[in-house]
Structure formats: C-alpha cells, structure tokens
Amino acid sequence: MFFGLSELLSHSITPIVRVKAAPDHSLDVVFAEMEGFDLAHVHIDPHSELMTVVAETLDGLLRTTRTVKLPCAVNQPRKITAQMHDGCVIVTIPADALAAAPEAPDAGAAPLAHQAPGAPVEPKEIKVHVYPPRAGQLEVDHDDEQKALKLTVHGVRAEGINVDLEGRILSVAGKAADGSSDVHRAYKLHARVLSPGAIKAVYDPAQHALVVSVPDVALEQKRKDQQRQKIAVS
C-alpha cells in the first residue's frame, strides 16, 4: 500500500514521490522524473523525519530539490542506501533502521519502478548524508577557484540567522535545525575587512547549512615591504 504524503516540495511541476512498504517491513522511497541529472545526494534528518533529494547536472546549470516526510521515524539513518536507476532515485530504508514497522503491502501492489525497454541500465549508488552532522559545526576552507574564504555552519535553521562582523570577528547566531538549542559560532579572520559589503551569506536548505563567503579582495593585504623577511646571518 502507498502512504499519503504531505509537505512535498519540488521545483518540478508534477513531482512524483512514492513510499512503499516491502514484505520485510523495509521502506522504499522512489523519487520519479529525475531523468537528465548526473549526480544526486540523499539527505535524511532523523529528528524531523524529512528526506531530501538534491539532483544536478555535471555542469551545475540544472538542479532540483525534493523533500518528503516519511511515515515513521528513522532510528539508524546510516543504514539507508540509495541508487539512481531508470530515471528514478530509489532510497531503501531497512526495517531495523525504522522506529516502527510500516504496514506490509497488499498482494499485487504495483511495482515502484518501470524498466524501460532495451538494454538494462546498471543502478548507480548514491551517498546518503545524515544531517545535521552536529548543530553549529563550523568548517573553514579556502575556495581557490572563487578566491574566497568560505565558512560553513552546519545544522542551523533558516529562520532568524544573524551574521555580524565586528573588527576581524565574524559571528553567526541562530537556532539548531531541530530546534533543540541555540547556535553561536565566531571566527577570527586573518586580516581586517576593507569591504564588508562584498561578504555574502547563503543558506542551503538541502544541507541545513549557512555558507559565508569572504572574497580575498575584501581583506586587507600585506604590503610587500611589510612582509616578514629572512635575514642572512654573517
């Protein structure tokens, strides 16, 4: 049997997501109409029972996000597996990963995926991400291509985020994605900011993360005559 789905979000005009209980009480979640995408990531939030699929082309020009609320909680999200096959993203949740056993399907239930005629296509495994990794976890990296320092704060809620700059201290404040706690992270930049308006903060709903980009050109650069010089000892 199929479960009624609520909170279904997608950039597609007619999104199709089906959740079906297998005879062994595992769950199959099928995100259909995903043709034309080369990459996909599956994100599971065990706190809110939300599952999100983000699919995109290799050039990054086309991207779609779909989110569905599962019919029961997931206790062991790291046991979830996923694959791309025949224009669908198929996510399998084993029975022992679920908080409660879903009802088994009726005999003769329709199959989840339709195999297109012609040579069979090998399924492609997809990595499953569990978020939030840790509410407020901060990652700092430098994007050499964009020539910018990137600070990523994971596990935060979109509403009520504040990003402040005081001197060289860049701080982010908000709520954890699961609402369990407040989040406050501060990072001391290696140089003074000359152009605060160049700093960009973008929220990624699929990752529950805030990404703050600080361009290199926005930071004060050391003059060559101010740089540390090595002096030979005679």
Side-chain angles (χ1 to χ4, degrees), residues 9-12 34 36-45 50 52-67 126-233:
L9 308 175
S10 176
H11 297 303
S12 172
M34 304 292 274
F37 295 100
D38 304 299
L39 305 171
H41 300 278
V42 178
H43 306 268
I44 176 72
D45 186 346
L50 292 178
T52 300
V53 166
V54 181
E56 59 186 345
T57 53
L58 286 174
D59 55 15
L61 297 179
L62 187 60
R63 179 175 179 175
T64 186
T65 300
R66 296 183 186 174
T67 299
I126 301 172
K127 186 173 182 180
V128 177
H129 305 267
V130 181
Y131 66 80
R134 187 167 65 242
Q137 178 179 340
L138 174 65
E139 290 183 3
V140 181
D141 192 18
H142 187 271
D143 189 326
D144 294 331
E145 184 177 345
Q146 299 294 327
K147 295 182 178 179
L149 183 69
K150 288 199 172 182
L151 293 84
T152 303
V153 181
H154 294 278
V156 291
R157 183 177 293 177
E159 298 80 11
I161 294 179
N162 290 310
V163 181
D164 296 304
L165 177 67
E166 184 175 355
R168 290 165 52 190
I169 305 298
L170 187 66
S171 60
V172 174
K175 289 282 187 181
D178 59 4
S180 61
S181 62
D182 293 330
V183 170
H184 185 275
R185 288 293 178 270
Y187 180 79
K188 186 175 183 179
L189 299 169
H190 64 273
R192 189 165 57 97
V193 178
L194 300 180
S195 304
I199 298 176
K200 304 297 181 184
V202 178
Y203 184 78
D204 185 344
Q207 301 280 358
H208 283 201
L210 178 74
V211 181
V212 182
S213 299
V214 184
D216 293 345
V217 295
L219 297 173
E220 183 179 36
Q221 305 296 319
K222 285 186 177 181
R223 290 167 41 190
K224 290 185 177 180
D225 59 359
Q226 292 179 322
Q227 293 179 352
R228 184 176 180 179
Q229 301 292 329
K230 188 173 183 178
I231 301 174
V233 178

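Starting from 1, each residue takes its place in the sequence as its number.
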A side-chain contact here means heavy atoms from C-beta on lying under 4.5 Å apart; do [X] and [Y] qualify?
X: L189; Y: L165; value: yes
X: V217; Y: K147; value: no
X: V153; Y: V211; value: no
X: S171; Y: R185; value: no
X: Y203; Y: V156; value: yes

Sidechain-backbone polar pair: [X] side chain, [Y] backbone, donor-acceptor under 3.5 Å:
X: E159; Y: G174; answer: no
X: R66; Y: V53; answer: no
X: T57; Y: L62; answer: yes

### Task
Show the numbers, then the answer: is there a side chain to side chain contact (heavy atoms under 4.5 Å, CB included) between V172 and N162?
CA-CA 6 Å; V172 174; N162 290 310; over 6 Å; no
Can you measure from [atom1] ([X]) to [atom2] ([Y]) and round to the nearest 0.5 angstrom?
X: D182; Y: K175; atom1: CG; atom2: NZ; value: 4.0 Å
X: L138; Y: H184; atom1: CG; atom2: NE2; value: 11.5 Å
X: L170; Y: Y187; atom1: CG; atom2: OH; value: 10.0 Å
X: L219; Y: H190; atom1: CG; atom2: NE2; value: 5.0 Å

Distance-only check: which donor-acceptor pairs under 3.5 Å involve side-chain atoms of residues 192-199, not counting sequence neighbours?
residue: R192; atom: NH2; partner: E220; partner atom: OE2; Å: 3.2

### Message
Between L151 and L149, does the side chain to side chain contact (heavy atoms under 4.5 Å, CB included) criterion hold? Intermediate values first, please.
### Response
CA-CA 7 Å; L151 293 84; L149 183 69; 4.0 Å; yes
### Message
Is a donor from one side chain sitting under 3.5 angstrom from an acceptor on the other, for D144 and H142?
### Response
yes
## Note on the structure
From the list V212, V214, D143, side chain to side chain contact (heavy atoms under 4.5 Å, CB included) partner of K150 resolves to D143
### Task
Identify the residue among V163, V183, T152 that makes a side chain to side chain contact (heavy atoms under 4.5 Å, CB included) with L210.
V163
### Message
Quick one, R63 with V54, criterion side chain to side chain contact (heavy atoms under 4.5 Å, CB included). Give me CA distance, side-chain angles, the key distance, then yes/no.
### Response
CA-CA 7 Å; R63 179 175 179 175; V54 181; 3.2 Å; yes
### Task
Can you see which heavy atom on A55 is nearest to which on M34, and at what distance?
CB-CE, 3.6 Å
